[in-house]
Engineer: 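My questions all concern the structure below.
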Amino acid sequence: MDDKIRFQGVVEEIKAKDGSVLAARKFPLPPGLQLKKVTGIFPWRRVGRFAPPSPEGWRKAQGQLTFGGDVINSGSPAISMSVTVQSTELSHRVDGDTWLFPLRYGPAKSFRSVKQGQRGTSPSMIIVPTLRAEATDIGARVPSVGILKDKVVAIFGMGAIGAPVAIELARNGCSHLTVIDHDIVEPGNSIRWPLGATAWGMRKTTAVKHHVESEYPCVEVEAIHHTVGIATAADGNAGDHSVLPPIFGKADIVIDATASSGIPRLLADHCKSAGKPMISLFGTLSLKGGVVAAYQPKSGCPTCREFAYAKGLIEKAPGSGEVSALNQPAGCAELTFTGASFDLHELSLEAVRLTVQILSQPADFKESLVHTLTLHDGIKRVPPSWRVDGLPPMKECGCNP
């Protein structure tokens, strides 16, 4: 707007003269805006054409505007608004309504009538930019991800590869995310994690939930603080047997971003039982490469992938097994890899692409796939490149008898 006032608002309802509701807001407000919401009633009118004058001519044009509704003086400055609706071309050969929102603002006394013989001040006026915010307006720019709108995606692991996956899916309109992790955000994590100092000390699942629901209010995030692999207690609560089944029951696809050796096998078993596809991603310890594997429930599994490596059917990612690049920072309980977020994002984004592909064309996903990332050729760093291998069931595994 300008450097004097910042205004945010939404049209809640449009009413006719008889009070009947012609239209109402359907999309959720961002939490910050919802908490500060103040409601006002302003008059509106429809015109055939109202050409906005130059900035210098607005004061002369005020007579063409319909002010006279509520003056909201609960904050500073006090404000009042006029609303004019006219027809315009929304897109190629598609007409619709456009809205003009002149806003008057100033001290509360500037809106009061001035008695004869006294000097008064008049409120200032600006034009509030009109922005379209329905889910259809946002999604129209990238129709290829429309498949995510009604899907539930469960993501295990909210680390440096899992949290970016969750945020990218939210950005692209996934309506429901279930995020599972047991860790908290430490200051040292920030160099690889998508959120910074505002998340320090928070549970990773909570931090992702707050960020996503604040920035993408049409997305619902279920945050589950859980350590995968914990046995169910005697009372039947808190363990995998009570926590995991509802997650797999609701999910359309499961993403394993735990970068663990054992958890993908556990999650893949649950996915096979539930008939759900699973994507698993990890970087090698030296981050010279990585893997994004898509497991079809009736095809190869994580154990099959290990047999395929052992038999030479699939080449491992560069840097597999290397531990020379590991480091143990002060205050960290174990060695950690030293790769950067800008390389890890290659893995996260490929997982999102695969998610959209599988959900968009489920009939084409007939065999498990292993996408292998190369970032280093053994001598020097190279631009990212991908190799794709099919992964049929291995008879040595027996996962599909």
Side-chain angles (χ1 to χ4, degrees), residues 153 155-169 179-183 185-186 188-195 204 208 228 254-268 278-295 300-306 308-310 314-329 332-355 368-389 391:
V153 180
I155 308 170
F156 287 82
M158 284 292 102
I161 55 175
V165 169
I167 293 172
E168 195 64 30
L169 286 170
V179 297
I180 308 98
D181 202 302
H182 66 280
D183 203 2
V185 182
E186 300 180 30
N189 299 149
S190 300
I191 196 167
R192 284 195 291 244
W193 217 63
L195 307 181
K204 290 181 177 179
V208 169
V228 178
V254 173
I255 299 177
D256 161 49
T258 61
S260 169
S261 59
I263 291 177
R265 294 178 172 85
L266 171 64
L267 299 182
M278 183 180 97
I279 293 173
S280 184
L281 63 155
F282 63 89
T284 57
L285 294 177
S286 60
L287 205 52
K288 292 180 179 179
V291 170
V292 180
Y295 298 109
C301 70
T303 302
C304 293
R305 179 172 55 82
E306 294 300 326
Y309 287 151
I314 299 178
E315 185 179 343
K316 287 189 174 183
S320 296
E322 293 183 7
V323 296
S324 58
L326 296 182
N327 180 33
Q328 187 168 359
C332 190
E334 59 184 15
L335 293 170
T336 182
F337 67 98
T338 54
S341 63
F342 48 76
D343 285 330
L344 291 168
H345 284 174
E346 291 290 338
L347 298 164
S348 302
L349 293 175
E350 185 67 7
V352 174
R353 296 184 195 107
L354 264 176
T355 299
S368 297
L369 300 170
V370 178
H371 291 217
T372 304
L373 172 66
T374 295
L375 295 169
H376 199 281
D377 65 2
I379 301 175
K380 64 183 183 304
R381 181 182 178 85
V382 295
S385 63
W386 290 91
R387 186 185 71 251
V388 180
D389 295 287
L391 179 65

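Remember, predicted model here, so these are calculated numbers, not experimental data.
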Engineer: The test is side chain to side chain contact (heavy atoms under 4.5 Å, CB included); show your working for Leu267 and Met278 and say whether it passes.
Structural biologist: CA-CA 8 Å; Leu267 299 182; Met278 183 180 97; 3.7 Å; yes
Engineer: Using atom types as modelled and distance alone, determine if a side-chain donor or acceptor of Thr355 lies under 3.5 Å from a backbone N or O of Ala351.
Structural biologist: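 Yes; at least one donor-acceptor contact below 3.5 Å.
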Engineer: State, to 0.1 Å, how close Cys301 and Leu391 come at their nearest heavy-atom pair, and which atoms those are.
Structural biologist: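 Taking Cys301 first and Leu391 second, the nearest heavy atoms are O-CD2, 3.6 Å.
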Engineer: Show your working on side chain to side chain contact (heavy atoms under 4.5 Å, CB included) between Ile191 and Asn189 and close with a plain yes or no.
Structural biologist: CA-CA 6 Å; Ile191 196 167; Asn189 299 149; over 6 Å; no
Engineer: So does Asp343 pair up with Arg381, basic N to acidic O under 4.0 Å?
Structural biologist: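 Result for this pair is yes, salt bridge flagged.
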Engineer: Taking atom CG of Leu375 and atom CZ of Phe342, what is their separation to the nearest 0.5 Å?
Structural biologist: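 Answer rounded to 0.5 Å: 10.0 Å.
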Engineer: Mind listing the closest non-hydrogen atom pair of Pro302 and Pro264 along with its distance?
Structural biologist: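 Closest approach of Pro302 to Pro264: CG-O, 3.7 Å.
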Engineer: Measure the spacing between CG of Leu373 and CZ of Phe282 and express it to the nearest 0.5 Å.
Structural biologist: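 So the CG of Leu373 and the CZ of Phe282 are separated by 11.0 Å.
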Engineer: May I ask you to say whether Lys204 pairs ionically with Asp183, meaning some side-chain N is under 4.0 Å from a carboxylate O?
Structural biologist: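 Salt bridge: yes.
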Engineer: Just so I know, are the side chains of Ile180 and Ile155 near enough to count as touching, which here means a heavy-atom distance under 4.5 Å?
Structural biologist: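 They are not in contact (no side-chain heavy atoms under 4.5 Å apart), so the answer is no.
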Engineer: How many angstroms lie between OG1 in Thr258 and CE in Met158, if you round to the nearest 0.5 Å?
Structural biologist: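 These two atoms lie 10.5 Å from each other.
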Engineer: Hey, does Val208 have a side-chain heavy atom less than 4.5 Å from the side chain of Trp193?
Structural biologist: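 A side-chain contact under 4.5 Å exists here.
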Engineer: Just by modelled atom types, is the Glu315 backbone N or O under 3.5 Å from a matching donor or acceptor in the Arg387 side chain?
Structural biologist: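 Checking the backbone N and O of Glu315 against the side chain of Arg387, a donor-acceptor pair under 3.5 Å is found.
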Engineer: With rounding to the nearest 0.5 angstrom, report the OG to CG distance, Ser348 to Leu169.
Structural biologist: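 The CG atom of Leu169 is 10.0 Å from OG of Ser348, to the nearest 0.5 Å.
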Engineer: How many angstroms lie between atom CG of Leu281 and atom CD of Glu346, to the nearest 0.5 angstrom?
Structural biologist: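 Those atoms lie 12.5 Å apart.
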Engineer: Strictly distance-based, threshold 3.5 Å: is any side-chain N or O of Thr284 a donor or acceptor partner for the main-chain N or O of Ser320?
Structural biologist: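 No, Thr284 side chain to Ser320 backbone: no donor-acceptor pair under 3.5 Å.
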Engineer: Any non-hydrogen side-chain atom of Leu349 less than 4.5 Å from a side-chain atom of Glu168?
Structural biologist: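 Yes, their side chains come closer than 4.5 Å.
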Engineer: Would you check if Val254 and Phe156 make a side-chain contact, meaning some heavy-atom pair closer than 4.5 Å?
Structural biologist: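 When only atoms from C-beta onward are counted, Phe156 and Val254 do touch, with a gap below 4.5 Å.
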Engineer: How far apart are the closest heavy atoms of Thr303 and Arg265, and which atoms are they?
Structural biologist: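 Looking at all heavy atoms of both residues, the shortest contact is OG1-NE, 3.2 Å.
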Engineer: Kindly give the heavy-atom pair with the smallest separation between Ser341 and Arg192, and that separation in Å.
Structural biologist: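 So the minimum-distance heavy-atom pair works out to CB-O, 3.8 Å.
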Engineer: Return the minimal non-hydrogen interatomic distance between Leu347 and Val291, and the atom names on each side.
Structural biologist: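 Reported closest heavy-atom pair: CD2-N, 3.8 Å.
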Engineer: Supply the atom-to-atom distance Cys304 SG to Tyr295 OH, rounded to the nearest 0.5 angstrom.
Structural biologist: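 Spacing of SG (Cys304) from OH (Tyr295) equals 9.0 Å.
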Engineer: Can you see which heavy atom on Asp256 is nearest to which on Ser280, and at what distance?
Structural biologist: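 So the two residues come closest at OD2-OG, 2.5 Å.
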Engineer: What verdict does the side chain to side chain contact (heavy atoms under 4.5 Å, CB included) test give for Val388 and Val370, after you've listed the backbone C-alpha separation in whole Å, the side-chain angles of each residue and the deciding distance to 0.1 Å?
Structural biologist: CA-CA 6 Å; Val388 180; Val370 178; over 6 Å; no
